[in-house]
Structures are given as structure tokens and as C-alpha cells.
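What follows is a set of notes on a single structure, which appears directly below.
Chain letters run A, B, ... following the sequence lines, proteins first and then strands; every chain starts at 1.
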Number of protein chains: 2
Amino acid sequence: MLTPSNASSNSIFSLMPRQPLPIRDQASACREGCAAFDRIVSISGFIVSYPRGVEIFGENEPAEYLYKVVSGAVCTYKILNDGRRQISGFYLPGEFFGLQYSGEYEFSAEAIRDAKSLVIKKSALMAAARGDAAVSHGLLLLTALELGRVQNRVLLLAKSAQERVVGFLLEMAARSPSGRSLQLPMLRQDIADYLGLTIETVSRTLKSLKKLAVIDVSTRHIVIRDRSSLSQLNG
Amino acid sequence: MLTPSNASSNSIFSLMPRQPLPIRDQASACREGCAAFDRIVSISGFIVSYPRGVEIFGENEPAEYLYKVVSGAVCTYKILNDGRRQISGFYLPGEFFGLQYSGEYEFSAEAIRDAKSLVIKKSALMAAARGDAAVSHGLLLLTALELGRVQNRVLLLAKSAQERVVGFLLEMAARSPSGRSLQLPMLRQDIADYLGLTIETVSRTLKSLKKLAVIDVSTRHIVIRDRSSLSQLNG
DNA sequence: CGATGCGTTGATAACTTTCAAATTTAGTGG
DNA sequence: CCACTAAATTTGAAAGTTATCAACGCATCG
């Protein structure tokens, strides 16, 4: 009942992989399982460029569009009452954002590097979905993957500073083409706001991981030297 | 396009309320929006009793069943490598759990009070879903509500101990029949494992909130005396 | 070459955990 | 219903972790 072979069923259960997918597979799962979805997205979407630092959409705006990163990098975030910024996700090329569970965006989105996005009007997607179950399946798969990501983040945030940073590095590594060499598109401040830490703590933690010889650190680039030790430090 | 009036569309977007629903509305949203779903659940489900402390299902077991709490209380959790327990959610009467995004449960579930659950075989639900769009809509609504909950928890866990406890109280209050008087079905240890704190910190934080005259505290019962102050402390 | 933004480093303060009781609560058998 | 026991919660003191504040270094860019 819950096997991939049943993927044409109308139920959400059948859309889910048997094993939780590693994050790196978001793009590929969608490619393999939802070719029709991707085709619609490519046809009905248009490319928009966002210079670094520009807001792509704001919290509480009507959620009219779905976005797929083509190049660069994007984050979604929320500003809390006291002015702190909580980043809820980073999105790299091939990944989707703007998939909100209500009629209005729950978060704001901003380009953290100069970025290009494929922008798809949700109403167009929905029209396509009525005639093509693969499209609605694609949307559901994205939603389920997002849920899995967020659940992982809950586990991450319950831990110590070192475990958070390690978890972040492993997550980024899983999404990188090369699993060992990470180009970090975001600033230290972005990492801090993602992990609920300060930039100083992020900086010091990276340094201590370097001292332990599990990673090499430069400003925008991390090399994982000892992955098994890193995984052990993940708790 | 994204209005509630469009709820019969095949797209997940149309299933979502315009505004994020407060948590208390999980049960009622399902009642109102998914009468057919609830009917199927009631018909095809059976009642099982679980004494307090009993495991209902375990992480990595095949996710064959969906559960709806009838009485008592349940939590889902994960044991981390170092033995810590991270509780991922509490479920009160009327709420669903066991809705996993993969073919196997991501978490374990346990009765934190003597509990009765309606147990529904997912394969039966899926069969019903093929003939009745309302059923698959119901599943999707549950999934989307779960996503919203988890997103709120991410925001919670990035904050200070006091803000976490306050957020927890506000969340529980929103789910209680009376919004001001909370019966807590869980132990302090459960609250601590939910918030990523120690029981001592939870205890001290509750005491300090009592000192601030925003709540009254007894072992299993909280009364919110000053809701607006409490909300302000939520960050 | 100064200005600016970003990252690192150091010292101190604030917060949270840890460890070790003491106290209260809940359950059980008399 | 009371006494006893085990479990749960609270409290206190000390240790550990992270944040805050301040300064410095290091690039990039006009």
C-alpha cells in the first residue's frame, strides 16, 4: 500500500518515499517522480533576477507565486517582536520556496546572493493540476519534503551550539554537489539567525571544529575532513 | 484562486485556510471542512486503549495506522544518540497523530496519560480516498496543519527559556476548551523534553511567571491570569 | 588610501545546566 | 482514612555554556 509503485493513487501517503529522503534529493525526487510537474513549471514559469539583499516577497502578502531557485541563493525568514530575525530556510538552485500552507506567505523571502528564480503563478499551476494529477502530486511531494526539513530543524534547535553548527554543515553537505566541499552562499549572520545563535558563537564553534581537525574553514568555504567524526558530533 | 470557496480543487493550496489556523482549530477545521473524512475515520477505525507509559508505535516501524486521540493524551518523540529524548508533539482528544511523511514512522508514540485512540488503517483510508476526494483532502489538511505546528515550534526553540515556556503555555491554552485554565496532562519532564530544557529550568521559569502574576501554577494545572502580559513575554 | 562591511578574538555578564538535597504529590496496603 | 513508599517536583549552590560588549583584522571598493 505504501510502496512507490502506488504513486498514482490519490492519497498523500503514496507520494512519500519509504525512507525519509535526504535533503539533497529534493530536486532529484521531483525530477524523477514528477517530470510532468517540472514540465509545467518550466513552461508556465518566468525567470526573474533578484540582486543580493532584495526582498522577494513579504510576510502576510498574498501567496500568489511559487518559486524555484535557478541560480544564487535565497532565504526565508521572520522578524520577531523584539527585532531578532529567525531564518526558516535556505534555498539553493533546484529547490522550491514560497510553498506556504495558508493563502498568505508565513515568512518573508530574500536573496542572500544575486539570484535568479523561476516564478510560477500558483493559479496557473492549479489550473494545470485539475487536468494533471502529476502536478498536484508534485506540489504534495514538495510540501511533504518541506515538512521533513522542518522536523529535522526542530531536532537541531534542541541541541547545543556545537551540535547545531555540525548539523548545519551536514545539511549543507547533503545538498551540495560535492558532499565534502561546501561553498557557503550565506553570511555568518545568516547562519547564526538560522541556528538561533550569535555570529560570535558560530565563529568560535567553527574554529573549534577546525582545531579538532574535522573541517577546514575559510570565510565562504568549508571542507569536511573527517565526516564520521562530524556525524558523531551531531548527537 | 486561493479562497476557501475553491476547496474542491485538486490542489493543496485550496485546502489551506487563508490565515494560519490557531492550533485549537485542528479538530474543528477537520470537522467543518472534512465531514466526509471524519465519517470514514469513524466508520473504519476501531478504539484501542493504551495505559500510561505504553508505546503505541516505534520509530522505523512501518506506518500502517493513523490515530485520532479519543481520550487521555499522547506524545511523539525521538531518542537521540546520546540518550536525550526530544518530544516532537503532544496530542489531545480530537487530534490526529501518526501522520508520517514517509512509509515508516519518523517518531515513536507513547501514551502520557491513560489514553483511548481511534485507530484507522491507512490502506483503508487510501481505498476510501480513491472514491472520495474529501478523504484525501482531509489527509492533506492534517498534513498542512502539522507543518504549521512544526514551523511554530522552530520559532519557539530559537528563543530563551522563558519564551519557550510562555510559548508552550499559549499553545496549550489555544488547544484547551477554556482558554484560561489549563489542565496539563504531561509531566514536567515531558515539557522539558518538548522545549529542549531541563525540568529544573521549567520549574523555575513557571515559578518566576507566577511571581510576575501572569499565571497561577499548581502541579497539573495552570491558570492564565494576565494573557496580554503573557503574550508580550512570548517575543 | 581611507571607508565600509564582514569576520574574528577577548573579557565579562547572563543564562541554563548539573548535581545534590529537600519537599510535595500520588499511589498502595493496612 | 491514615501511614508508608516511590515518584515527581521544587529549591539551592556551583559549573558550564552562550550572549553581550568592545576591539581588532582583513578584505573589498570607490
Take the protein atom [atom1] of [X] and the nucleotide atom [atom2] of [N], then report the distance between them rounded to whole Å.
X: B:Ile199; N: C:dA20; atom1: CD1; atom2: P; result: 15 Å
X: A:Arg164; N: C:dT16; atom1: CZ; atom2: P; result: 11 Å
X: A:Leu197; N: D:dT20; atom1: CG; atom2: P; result: 11 Å
X: B:Asp190; N: D:dA7; atom1: CG; atom2: P; result: 16 Å
X: A:Leu184; N: C:dG7; atom1: CG; atom2: P; result: 10 Å
X: A:Lys210; N: C:dT9; atom1: NZ; atom2: C1'; result: 14 Å

Aromatic ring pairing A:Tyr67/A:Phe97, orientation class (parallel under 30°, perpendicular over 60°, tilted between):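 Geometry flag for A:Phe97 against A:Tyr67: parallel rings.
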Check every atom of [options] against the side chain of [X] and return the nucleotide holding the closest atom.
X: A:Arg204; options: D:dA19, D:dA8, C:dT17; value: D:dA19
X: A:Glu200; options: C:dG7, C:dT9, C:dA20; value: C:dT9
X: A:Ala161; options: C:dG7, D:dT18, C:dT16; value: D:dT18
X: B:Arg188; options: D:dA19, D:dT9, D:dT18; value: D:dT9
X: B:Ser203; options: C:dT16, D:dT10, D:dA19; value: D:dT10
X: B:Ser160; options: C:dT25, C:dT17, C:dT16; value: C:dT16

Short side-chain N/O contact to D:dT10 OP1/OP2 from B:Lys207, under 4.0 Å: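 Looking at the OP1 and OP2 atoms of D:dT10, neither is under 4.0 Å from any side-chain N or O of B:Lys207.
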Any A:Thr201 side-chain N or O less than 4.0 Å from OP1/OP2 of D:dA19: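 Yes, A:Thr201 has a side-chain N/O under 4.0 Å of OP1/OP2 on D:dA19.
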Output field: ring centroids A:Phe90/A:Tyr194 closer than 6.0 Å: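 Yes.
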Can a donor-acceptor pair be found between the side chains of [X] and [Y] at a distance below 3.5 Å?
X: A:Ser218; Y: A:Asp216; answer: no
X: B:Thr201; Y: B:Thr198; answer: yes
X: A:Gln232; Y: A:Ser229; answer: no

D:dT28 base / A:Arg220 side chain donor-acceptor hit below 3.5 Å: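 No, the side chain and the base share no sub-3.5 Å donor-acceptor pair.
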Sugar-phosphate only, base, or nothing, as touched by A:Arg84 at under 4.0 Å among non-hydrogen atoms: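 Counting heavy atoms under 4.0 Å across all strands, no contact is made by A:Arg84.
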